[in-house]
Number of protein chains: 2
Amino acid sequence: MNVHDPDYRAVTLADVARLAGVGESTVSRVLRNQGSFSKRTEGRVAEAVASLGYVPNRLAGMLAGSQSTAGAKLVGIVIPSLANVVFPDLLSGAASVLDRDGFQSVIGVSDYDLGREETLIGALLSWRPAGLIVTGLEHTDGALARLRASGIRIVEMIDTDGPGLDIVVGFSNRAVGRDSARHLLARGYRRIGYVGHDVTRDLRAGKRLAGFTETLTEAGVPLHDREIAPGASSAAAGRAALDRLLARTPDLDAVYFSNDDMALGGYFHCLAAGLAIPDRLALFGFNALDITAAMPQPLATVRTPRRAIGAMAAERLGDGGPSEVIDLGYDLIPGATA
Amino acid sequence: MNVHDPDYRAVTLADVARLAGVGESTVSRVLRNQGSFSKRTEGRVAEAVASLGYVPNRLAGMLAGSQSTAGAKLVGIVIPSLANVVFPDLLSGAASVLDRDGFQSVIGVSDYDLGREETLIGALLSWRPAGLIVTGLEHTDGALARLRASGIRIVEMIDTDGPGLDIVVGFSNRAVGRDSARHLLARGYRRIGYVGHDVTRDLRAGKRLAGFTETLTEAGVPLHDREIAPGASSAAAGRAALDRLLARTPDLDAVYFSNDDMALGGYFHCLAAGLAIPDRLALFGFNALDITAAMPQPLATVRTPRRAIGAMAAERLGDGGPSEVIDLGYDLIPGATA
DNA sequence: AATCAGATTGGCAGCGCTGCCAATTTCAGT
DNA sequence: ACTGAAATTGGCAGCGCTGCCAATCTGATT
């Protein structure tokens with residue numbers, strides 16, 4: 001007997017009620033441990049549930065419960081990618097809070113494509129979630145319209161550089177860029193280069209770079225040269241890009257990378273090319289991936305509170321407070337490569 | 001006006017039907033592009049949808065559609081973690097197929113805890129998915145019971161070393177271990193050690209180790225020594241564990257790691273300690289993470305078809321074929337570290 | 001002009017569960 | 001034994017949508 005048999009019918013709450021000899025609403029109350037019922041009833045119901053192998057149908061439950069505020073225990077989350085550690089971290093931070101509060105989440109991956117993000121937002125909204133967590137502040141007009149029209153709590157996470165829709169949780173990427181530049185300047189580097197990946201897709205990396213060059217320029221030490229690798233960030237892309245950059249501009253004394261993956265690639269290039277770090281060339285990354293702490297020379301990078309951002313985003317989804325921007329900051333890790 | 005206003009009511013299909021001046025079922029047909037309707041009707045409906053900002057309620061749709069086979073376009077996926085690249089890869093492989101077929105997926109993360117997996121399976125089943133993808137072959141009795149009772153298609157992915165429930169997609173971890181051992185033996189290594197992480201949680205790593213030691217023993221070159229790091233795998237754990245292992249057993253000439261993260265840590269240890277690779281010590285990993293190809297000396301490792309496994313798992317979810325085991329194999333990458 | 005297959009359409013009964021409300025039971029305090 | 005408040009319980013109307021079926025319309029054919 002399975003779902004494909006033409007006359008298959010799942011066990012329903014009504015079946016349980018019948019077997020237990022109680023009303024449907026009583027079973028519902030017992031199952032949700034809400035309202036009052038006697039110990040005896042609870043026992044009967046538990047027994048019936050066990051003997052029938054009853055599994056509640058959450059679809060029906062949510063539909064029915066959607067009329068009340070307490071109903072929809074569901075949230076939607078949109079992230080650009082799963083390949084970059086950042087996002088799984090954000091997700092697990094959010095999951096820890098969501099689990100605690102008994103929320104389910106439906107996740108959409110936009111693949112750094114704002115058009116696809118708009119589609120995903122529409123799809124997630126059709127689940128009638130109690131709230132939505134999206135990544136970044138940049139969205140298509142259509143996406144913004146849908147988000148506004150939804151009338152639900154929206155949390156934009158990671159980035160605080162710009163106007164948000166409702167709740168914004170994250171840190172300033174621009175400030176990260178500025179601080180990174182300040183750090184390199186303080187260490188005495190003056191011929192500074194940049195190695196990044198496709199910024200049209202990863203807008204946050206673009207903001208860091210903007211802050212970085214801004215500070216350099218203010219200090220009278222403009223960015224010496226830059227190399228942008230096409231496609232997503234990766235160690236291989238970082239290694240190849242640094243190679244190209246140095247071939248063109250050998251006199252650099254420090255390189256700022258769009259993130260740690262790229263920086264790790266750069267590190268490998270230096271090892272392979274026999275360039276002393278940080279004396280011949282300093283390296284600076286972003287994200288503080290776990291792996292960078294295990295390097296022979298810990299990478300100079302910036303640690304972002306990823307899990308905390310995810311957790312805070314989930315936290316704020318629930319409350320009905322006013323719109324606000326929550327800056328969770330970041331830490332600059334000096335490391336040994338810059 | 002938003003969801004929290006006491007008298008808020010979402011736009012429903014009935015509202016659209018009224019505005020468009022057609023019946024509800026007609027709107028439903030147009031929206032799902034199913035059945036027949038005139039161009040004129042389609043236009044009216046599209047107009048009404050746009051003007052009202054209507055978003056279909058998938059909860060209701062699935063509930064209503066659940067009676068038919070075509071209804072529930074939903075699948076559940078359970079993975080042990082998001083922190084290990086392997087799982088996001090599996091997920092995106094599955095997503096590519098699921099998207100194509102118009103399926104939604106709900107994901108659960110068990111955190112390598114079989115008890116938690118059982119709970120998650122129950123939770124996912126309550127969404128009445130058309131099928132479920134789980135990780136590995138080991139499950140609690142309770143989980144197995146629920147899976148069997150569900151009557152839906154179950155796909156167990158990654159591991160083919162053991163009896164499956166229904167469809168199994170993956171490769172043999174044991175064979176990976178054996179081939180890895182064979183490779184090291186062929187290269188002439190004879191004092192071989194192992195550095196791993198908590199095997200009680202990562203059962204697949206345990207199977208690889210079993211196959212590995214088995215082959216070594218058969219060759220009359222039993223595993224020389226081993227060091228197990230507590231907790232999850234990471235570069236830091238691998239680095240520290242290799243350090244401990246070598247302190248105790250300095251005469252090793254090769255080390256097999258539970259995966260690339262650990263191996264990368266081992267690589268860093270060798271760099272820091274000035275151990276020549278592979279002459280003084282050979283390193284062998286597992287997973288073929290992208291990053292290992294960017295290393296000065298590409299890591300010797302085994303590439304697993306992660307995206308393909310995810311895609312195949314999703315593919316099989318749909319068909320009604322008989323239970324079977326699908327072995328997608330793997331590639332041994334010689335690299336330059338062994 | 002009559003006929004008929006095929007295209008188009010609307011009505012309505014559920015899908016399984018929860019919220020509301022009224023009915024019934026229980027029980028401590030007279 | 002009697003009373004009122006509190007605890008417990010069941011009935012039933014939806015939640016918003018889809019499937020089924022009968023009704024209506026269209027156009028070509030005879």
Inset, instruction - May I have the distance from B:Leu13 (atom CG) to C:dC12 (atom C1'), rounded to whole angstrom? - result: 14 Å
Inset, instruction - Determine whether any donor atom in the side chain of B:Arg128 lies under 3.5 Å from an acceptor atom in the base of C:dG16, or the reverse, and answer yes or no. - result: no
Inset, instruction - First locate atom CG of A:Leu82, then atom CG of A:Leu91, and finally report the distance between them rounded to the nearest 0.5 Å. - result: 7.0 Å
Inset, instruction - Provide, to the nearest angstrom, the distance between the CE atom belonging to B:Met62 and the C1' atom belonging to C:dG14. - result: 18 Å
Inset, instruction - Could you check how far CD of B:Glu24 sits from P of C:dG11, rounded to whole Å? - result: 8 Å
Inset, instruction - For B:Gly23 and for B:Leu63, find the nucleotide of DNA chain C with the closest heavy atom, then tell me which residue's nucleotide is more 5'. - result: B:Gly23
Inset, instruction - Check every strand shown and say whether B:Arg58 touches a base, only sugar-phosphate, or nothing at a heavy-atom separation below 4.0 Å. - result: nothing
Inset, instruction - Could you tell me the separation between the CZ atom of B:Arg153 and the CG atom of B:Leu317, rounded to the nearest 0.5 Å? - result: 8.0 Å
Legend entry - Interatomic distance where CZ belongs to B:Arg40 and P belongs to D:dC25 [whole Å]: 13 Å
Inset, instruction - Determine: side-chain N/O of B:Gln34 to OP1/OP2 of D:dT18, distance under 4.0 Å, yes or no. - result: no
Inset, instruction - Go through D:dG10, C:dT8, C:dG16 for me and flag the one nearest to the B:Ser38 side chain. - result: C:dT8
Inset, instruction - Return the value, rounded to whole Å, for the distance between atom CG of B:Asn57 and atom P of D:dC17. - result: 6 Å
Inset, instruction - Kindly indicate whether the side chain of A:Pro80, heavy atoms from C-beta on, has any atom under 4.5 Å from the side chain of A:Arg204. - result: yes
Inset, instruction - For B:Arg32 and D:dC17, give me the distance from atom CZ to atom P, rounded to whole Å. - result: 11 Å
Inset, instruction - Going by the side-chain contact (heavy atoms from CB on, under 4.5 Å) test, name the single residue among B:Leu90, B:Val155, B:Ile79, B:Ile77 that passes it with B:Thr135. - result: B:Ile79
Inset, instruction - Working to the nearest 0.5 Å, report the span between CG of B:Leu63 and CG of A:Asn57. - result: 5.5 Å
Legend entry - A:Arg29 or A:Ala60, whichever maps to the more 5' nucleotide of DNA chain D: A:Arg29
Legend entry - Worked check of side-chain hydrogen bond (donor to acceptor under 3.5 Å, both in side chains) between A:Arg29 and A:Thr26: CA-CA 5 Å; A:Arg29 274 186 298 258; A:Thr26 301; 3.3 Å; yes
Inset, instruction - To the nearest Å, give me how far apart CG (A:Asp15) and P (C:dG16) are. - result: 9 Å
Inset, instruction - Would you mind telling me which residue lines up with the more 5' stretch of DNA chain D, A:Ser25 or A:Ser36, judged by nearest nucleotide? - result: A:Ser36
Legend entry - Nearest-Å distance for atom pair CG/P, residues B:Leu59 and C:dC17: 13 Å
Inset, instruction - Return the nearest nucleotide to the side chain of B:Thr41; candidates are D:dG14, C:dT9, D:dT9. - result: C:dT9
Inset, instruction - Please work out which residues in residues 49-56 of chain A have a non-hydrogen atom less than 4.0 Å from an atom of DNA chain C and list them by number. - result: A:Tyr54, A:Pro56
Inset, instruction - Indicate yes or no: at least one non-hydrogen side-chain atom of A:Leu125 is less than 4.5 angstrom from one of A:Ile152. - result: yes
